[in-house]
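Accompanying notes for the structure given below.
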Amino acid sequence: MSTERYNPREAEPRWQQHWTDNRSFEAKEDPSRPKYYVLEMFPYPSGRIHMGHVRNYTMGDVIARFRRALGYNVLHPMGWDAFGMPAENAAIERGVHPKSWTYENIATMKRQLKSMGLALDWSREIATCDPSYYRHEQAMFVDFIKAGLVERKVSMVNWDPVDHTVLANEQVIDGRGWRSGALVEKRELAQWFLKITAYSDELLTALDGLTRWPEKVRLMQKNWIGRSEGMRFSFALEDTNGKLLNERLTVYTTRHDTIFGASFCAISADHDLARRLSETDEGLASFRREVAALGTSEETIERAEKKGYALGLYARHPFNPEVKLPVYAANFVLMGYGEGAIFGCPAHDQRDLDFARKYDLPVLPVVAPKGTDAAAFTVGTEAYLEKEGDNTILINSQFLDGMGVPEAKAEIAGRMEAMGIGERKVNFRLRDWGVSRQRYWGCPIPVIHCASCGIVPVPKAQLPVTLPEDVTFDKPGNPLEHHPTWKHVDCPACGKPARRETDTFDTFIDSSWYFARFCSPHADVPVAADAAKYWMGVDQYIGGVEHAILHLLYSRFYARAMKATGHFHMDEPFDSLFTQGMVIHETFRTRTGEWVLPADAEQRDGRWVHVTTGEPLEIGGVEKMSKSKKNVVDPDDIIARFGADTARWFMLSDTPPERDIEWTEAGAEKVWRFTQRIWRLVNESAASTDGSDAAQSLELRRAAHKALHAVTEDLAALRFNRAIARVYELTNALQAALGKAEPAAVREAAELLILVSAPMMPHLAEECWQALGCKGYVVDTPWPKADPALVADDQVTIAVQVNGKRRDEITIARGTASKDVEALVLKLESVSRSLEGRAPKKVIVVPDRIANIVG
RNA sequence: GCGGGCGUGGCGGAAUGGUAGACGCAACGGACUUAAAAUCCGUUGUCCUUGUGGCGUGCCGGUUCGAGUCCGGCCGCCCGCACCA
């Protein structure tokens with residue numbers, strides 16, 4: 001057979017053109033057909049696509065093509081998360097305008113994505129930096145203001161001193177800015193907030209309904225929202241002389257049962273009381289400065305020592321007037337949670353214990369395992385925390401003695417409520433979402449500040465508020481603030497000179513509703529209801545786990561906020577979520593420690609050296625591909641050398657999609673050879689006309705239909721690596737049968753091989769389809785149906801065990817009755833030998849699987 | 001510290017409580033070739049006394065006719081959150 005090699009470089013662009021000309025992937029609403037919306041997290045146009053994109057978009061594409069073949073009306077759109085700081089950094093570093101930088105990147109990346117042969121509907125392409133997109137974002141924000149979902153408050157913010165902007169709590173990682181890596185400082189600023197906390201409970205409880213989300217992601221969100229049930233109550237305060245003040249101290253606790261173990265109270269350094277007292281107490285003022293300096297910095301992370309400053313105030317114990325609890329300002333009490341004030345019970349809280357030991361405060365255990373002698377039970381340097389299964393009771397606690405913890409909590413809550421000093425209260429860890437950013441390349445916040453009218457939303461008729469293009473980046477901070485004219489406008493309410501808001505939105509807002517915009521990307525409302533009702537929710541959403549909290553939580557909130565303002569109809573936009581693993585690669589570095597690109601490393605005489613310098617290289621760990629470690633490969637290179645199908649197939653083979661996959665050159669070459677093997681095999685199949693072995697034909701047909709059946713199930717469950725293993729099996733079976741099986745069987749197997757591999761290698765499939773002389777195109781061919789009679793064998797080989805150890809196997813007709821199997825196995829010589837003369841006590845038969853003789 | 005996940009050949013990994021190691025890679029042997037590459041055929045968990053054999057899914061124990069899978073306890077690795085009262 002002298003078939004020419006398959007040439008992806010020639011074939012792939014040709015098929016891509018065919019699909020484009022054919023408008024194969026443009027989606028139209030069609031209520032008569034079942035829809036399927038598959039979406040991958042859209043990319044930030046950073047410059048070029050990376051292998052992580054290749055993996056992510058390949059997975060989505062396989063699903064899109066598979067569902068389409070199954071008869072679904074598939075929506076598979078693509079767009080650009082186009083606002084963000086790298087564009088401004090490019091402007092600062094290279095003098096390019098953020099807009100042109102962004103659009104050039106989009107052009108490059110679009111070309112790259114097209115070269116992957118993705119089944120995308122490009123007619124729905126959106127870019128979040130386009131006014132036709134962000135005008136709707138602004139309009140919805142105005143509606144959010146009216147609906148009370150927006151708040152402007154002065155608050156302590158996380159200030160990134162490198163990027164000169166505010167960060168949300170979610171964007172501070174280990175005390176550093178998520179993008180700049182700079183140590184975050186605390187500052188007080190007036191900021192715009194979206195009231196995500198209004199939905200805390202709702203966002204939490206609705207997680208239970210997201211049954212097709214990874215359990216891990218649901219848990220992460222659950223912990224992030226952080227619901228806790230406790231009590232808010234207040235202490236009477238007195239001064240050093242025992243004089244009652246006309247001010248009470250309110251604290252939050254989840255352990256009100258331990259109230260008799262209280263030995264101090266502590267308030268945050270930012271607490272209102274501490275602020276006021278520091279005006280006259282220089283020691284306190286300096287303590288407050290010290291705490292502020294620590295802020296969210298590294299030292300805090302490394303568990304700064306517990307420190308406090310005694311305020312000279314005492315809290316009266318609500319049930320024991322004899323006991324006075326000294327009140328401290330303390331560095332470990334957070335202003336943002338609960339009341340910013342606590343009571344300390346050292347025996348049962350490690351932080352409180354550390355604090356008490358330092359300041360020599362009493363440590364009185366009040367909870368102990370049942371049966372413990374209360375007088376003898378002490379706590380040393382480790383607080384006693386009850387573990388699961390501990391049977392604990394209250395001790396040293398007057399009227400609570402002998403009660404269990406839940407009972408004691410109920411008792412205290414009841415008494416405090418009766419006394420009118422407190423009530424049960426649910427608290428959340430989740431904070432409101434600060435959305436103001438002091439940056440240029442973002443969506444302008446559509447608000448005007450007027451000296452007489454206050455804050456005035458921009459009237460919808462005046463939207464969009466577009467970004468000025470004539471900006472400079474020669475000084476730090478926000479170019480919008482420096483712009484000579486842009487911020488000066490007349491107040492829409494009174495007409496007097498006023499000032500535009502110069503903050504822009506956090507870019508997470510842009511990505512919190514794009515999935516809905518894709519339903520009607522050209523509509524003159526944010527989301528056209530009919531289109532959204534047809535296409536939403538997203539049947540399969542795919543992206544990295546790194547978005548498990550931020551993007552996915554914001555989107556869930558946004559859906560609700562849009563619903564509340566009439567822009568959307570559902571709460572949960574993503575029916576099914578899949579988080580794929582990263583692409584990892586070996587790292588190389590020189591003796592001097594400089595990272596080297598894999599493309600510049602080569603093996604000579606078993607040693608790794610630099611391609612041009614010949615310098616010896618050390619092989620480092622296999623790590624996530626990153627520019628800093630230079631262990632990246634360029635998708636363009638791979639596609640140019642091997643073709644898109646090879647890159648796609650590699651990304652799906654061997655490793656389960658949720659795990660990290662290691663890219664290797666050798667692996668890519670193997671896949672490339674496999675594409676040639678399929679090509680050769682299909683051509684040989686087309687020419688195979690003289691086989692006549694009926695048994696081989698049946699065997700091949702069985703193999704083909706089994707493979708089809710298995711691939712169908714595996715793709716539906718996103719088990720791409722298993723689907724691919726089944727394709728290899730079919731390839732092997734076809735190869736073995738060539739020249740022996742009848743031409744019809746060979747042809748059928750070849751056709752099925754093409755069709756089941758098509759979602760993964762669409763170009764090669766089309767090319768093979770033509771080579772085999774089939775009608776039409778693979779892209780228009782429905783997914784085949786496996787013949788059940790061929791999928792199930794009529795003979796099965798079952799294992800025969802004696803006392804759970806495999807001793808033999810027998811081949812019997814499928815569905816043989818248990819009693820017949822039993823009779824059969826008891827006659828086996830291997831069985832009687834293994835029984836060593838004992839009589840069989842019992843025989844367990846699992847039909848078509850196994851027989852186990854107990855004796 | 002809290003929460004979660006994972007430990008299977010030389011490697012990536014298969015395995016509804018039912019024949020552990022599918023499939024791929026690597027390695028080895030052979031065919032073809034002047035030679036190499038490519039391709040094709042075969043072997044490959046491990047041990048021994050090579051059998052109709054023993055052992056084997058991180059370690060220890062349990063449930064079961066039967067455990068990689070379920071339960072309990074360790075060990076190791078990975079991830080998320082982290083002074084949240």
Side-chain angles (χ1 to χ4, degrees), chain A residues 5 173-175 214-224 226-228 230-231 251-256 258 266 268 300-301 303-306 330-334 336-345 348-352 354-355 382-383 385 427-431 545-546 548-549 650 653-656 658-662 664 666-667 669-671 673-674 676-677 680 710 719 721-732 735-736 797-809 828-830 833-834 840-855:
Chain A
R5 273 185 162 185
I173 294 146
D174 289 344
E215 187 59 34
K216 178 187 162 133
V217 172
R218 287 156 60 189
L219 254 160
M220 281 165 72
Q221 293 214 352
K222 191 178 168 192
N223 292 337
W224 190 264
R227 183 181 196 274
S228 64
M231 279 210 81
V251 300
Y252 181 74
T253 181
T254 56
R255 292 302 306 273
H256 30 295
T258 65
S268 164
T300 315
I301 302 309
R303 302 194 168 225
E305 192 187 358
K306 306 281 173 289
N331 63 351
F332 67 95
V333 181
L334 304 174
Y337 187 78
E339 301 297 318
I342 60 156
F343 77 80
C345 176
H348 307 292
D349 182 293
Q350 193 58 46
R351 293 157 299 171
D352 295 350
D354 295 345
F355 191 82
E382 280 197 24
L385 306 169
N427 256 341
F428 294 91
R429 190 182 166 283
L430 185 68
R431 311 293 155 75
V545 245
E546 66 272 20
I549 297 172
F650 186 110
S653 316
D654 298 340
T655 303
E658 67 278 8
R659 288 195 212 167
D660 292 350
I661 191 169
E662 184 184 354
T664 63
E669 279 165 17
K670 276 289 162 190
V671 174
R673 284 202 280 274
F674 178 67
Q676 296 299 338
R677 185 175 169 214
R680 209 164 45 235
R719 293 187 298 244
N721 56 320
R722 295 213 316 192
I724 279 179
R726 301 287 90 84
V727 176
Y728 279 121
E729 281 177 346
L730 175 53
T731 309
N732 293 339
Q735 182 149 355
T797 300
I798 69 167
V800 180
Q801 296 182 336
V802 176
N803 292 329
K805 283 198 194 300
R806 184 177 169 281
R807 292 298 172 188
D808 208 342
E809 60 179 36
L828 289 172
E829 205 243 316
S830 52
R833 187 170 356 97
S834 300
K841 286 192 208 125
K842 193 166 150 191
V843 180
I844 288 128
V845 176
V846 181
D848 299 335
R849 288 230 98 123
I850 203 167
N852 187 16
I853 298 107
V854 186

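When reading the values below, keep in mind they use all heavy atoms of this one structure, side chains included, and skip hydrogens, waters and symmetry mates. Chain letters run A, B, ... following the sequence lines, proteins first and then strands; every chain starts at 1. As the structure is a computational prediction, the values presented were derived from the model and not from experiment.
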If you take atom types as modelled and just measure distance, does the side chain of [X] reach the base of [N] with a donor-acceptor pair under 3.5 Å?
{"X": "R807(A)", "N": "rU19(B)", "answer": "no"}
{"X": "D654(A)", "N": "rG24(B)", "answer": "no"}
{"X": "R659(A)", "N": "rC6(B)", "answer": "no"}
{"X": "K306(A)", "N": "rC83(B)", "answer": "yes"}

For [X], which contact category applies under a 4.0 Å heavy-atom criterion: base, sugar-phosphate, or nothing?
{"X": "S834(A)", "result": "nothing"}
{"X": "D808(A)", "result": "nothing"}
{"X": "V333(A)", "result": "base"}
{"X": "T655(A)", "result": "sugar-phosphate"}
{"X": "N721(A)", "result": "sugar-phosphate"}
{"X": "V854(A)", "result": "sugar-phosphate"}

In dot-bracket form, how is RNA chain B paired, counting a Watson-Crick or G-U wobble pair only if both its distances are under 3.5 Å and using | for bases paired to another strand?
(((((((..(((.....[....)))((((((.......))))))((((..).)))..(((((..]....))))))))))))....
Between [options], spot the one nearest the side chain of [X], thanks.
{"X": "E729(A)", "options": "rG3(B), rA22(B), rU19(B)", "value": "rA22(B)"}
{"X": "R680(A)", "options": "rC55(B), rA85(B), rU39(B)", "value": "rU39(B)"}
{"X": "N732(A)", "options": "rG24(B), rA22(B), rC83(B)", "value": "rG24(B)"}
{"X": "L334(A)", "options": "rG13(B), rG80(B), rA85(B)", "value": "rA85(B)"}
{"X": "M220(A)", "options": "rG80(B), rC84(B), rG3(B)", "value": "rG80(B)"}
{"X": "I549(A)", "options": "rC81(B), rA22(B), rU19(B)", "value": "rC81(B)"}

Measure the spacing between [atom1] of [X] and [atom2] of [Y] and express it to the nearest 0.5 Å.
{"X": "R806(A)", "Y": "S830(A)", "atom1": "CZ", "atom2": "OG", "answer": "10.0 Å"}
{"X": "F674(A)", "Y": "Y728(A)", "atom1": "CZ", "atom2": "OH", "answer": "5.0 Å"}
{"X": "R807(A)", "Y": "I853(A)", "atom1": "CZ", "atom2": "CD1", "answer": "11.0 Å"}
{"X": "R833(A)", "Y": "D808(A)", "atom1": "CZ", "atom2": "CG", "answer": "8.0 Å"}
{"X": "D352(A)", "Y": "F343(A)", "atom1": "CG", "atom2": "CZ", "answer": "8.5 Å"}

Phosphate contact ([N] OP1 or OP2) by [X] side-chain N/O below 4.0 Å:
{"X": "R351(A)", "N": "rG1(B)", "value": "no"}
{"X": "R429(A)", "N": "rA82(B)", "value": "yes"}
{"X": "N223(A)", "N": "rA82(B)", "value": "no"}
{"X": "Y728(A)", "N": "rG24(B)", "value": "no"}
{"X": "K670(A)", "N": "rA26(B)", "value": "yes"}
{"X": "Q735(A)", "N": "rC40(B)", "value": "yes"}
{"X": "S653(A)", "N": "rG12(B)", "value": "no"}

Atom pair distance, as rounded to whole Å: [atom1] in [X] and [atom2] in [N]:
{"X": "R719(A)", "N": "rG13(B)", "atom1": "CZ", "atom2": "P", "result": "17 Å"}
{"X": "M231(A)", "N": "rC84(B)", "atom1": "CE", "atom2": "P", "result": "20 Å"}
{"X": "R806(A)", "N": "rA67(B)", "atom1": "CZ", "atom2": "C1'", "result": "18 Å"}
{"X": "E809(A)", "N": "rA20(B)", "atom1": "CD", "atom2": "C1'", "result": "14 Å"}
{"X": "E669(A)", "N": "rA26(B)", "atom1": "CD", "atom2": "P", "result": "10 Å"}
{"X": "I844(A)", "N": "rU19(B)", "atom1": "CD1", "atom2": "P", "result": "14 Å"}
{"X": "E658(A)", "N": "rC78(B)", "atom1": "CD", "atom2": "P", "result": "19 Å"}
{"X": "Q801(A)", "N": "rA67(B)", "atom1": "CD", "atom2": "P", "result": "9 Å"}

Are [X] and [Y] packed together at the side-chain level, in the sense that at least one heavy-atom pair is separated by less than 4.5 angstrom?
{"X": "N803(A)", "Y": "V854(A)", "value": "yes"}
{"X": "D660(A)", "Y": "T655(A)", "value": "no"}
{"X": "I342(A)", "Y": "F332(A)", "value": "yes"}

G340(A) or N852(A), whichever maps to the more 5' nucleotide of RNA chain B:
N852(A)
Closer to the 5' end of RNA chain B via nearest nucleotide, is it A666(A) or N803(A)?
A666(A)
Between [N] and [M], how many Å separate the two [atom1] atoms, rounded to a whole number?
{"N": "rG62(B)", "M": "rG53(B)", "atom1": "C1'", "value": "29 Å"}
{"N": "rG17(B)", "M": "rU64(B)", "atom1": "C1'", "value": "9 Å"}
{"N": "rC59(B)", "M": "rG76(B)", "atom1": "C1'", "value": "10 Å"}
{"N": "rG13(B)", "M": "rG45(B)", "atom1": "C1'", "value": "15 Å"}
{"N": "rA14(B)", "M": "rC70(B)", "atom1": "P", "value": "15 Å"}
{"N": "rU44(B)", "M": "rA67(B)", "atom1": "P", "value": "27 Å"}
{"N": "rC84(B)", "M": "rG10(B)", "atom1": "C1'", "value": "48 Å"}
{"N": "rG21(B)", "M": "rG7(B)", "atom1": "C1'", "value": "16 Å"}

Given 3.5 Å as the limit, does a donor-acceptor pair link the side chain of Q221(A) with the main chain of A548(A), or not?
yes
Any donor-acceptor pair under 3.5 Å from Q350(A) side chain to A383(A) backbone:
yes
Please enumerate all residues that pass side-chain hydrogen bond (donor to acceptor under 3.5 Å, both in side chains) together with Q735(A), with sequence neighbours excluded.
R677(A)
Where the chi angle of rG9(B) falls, syn if within 90° of 0 and anti if not
syn
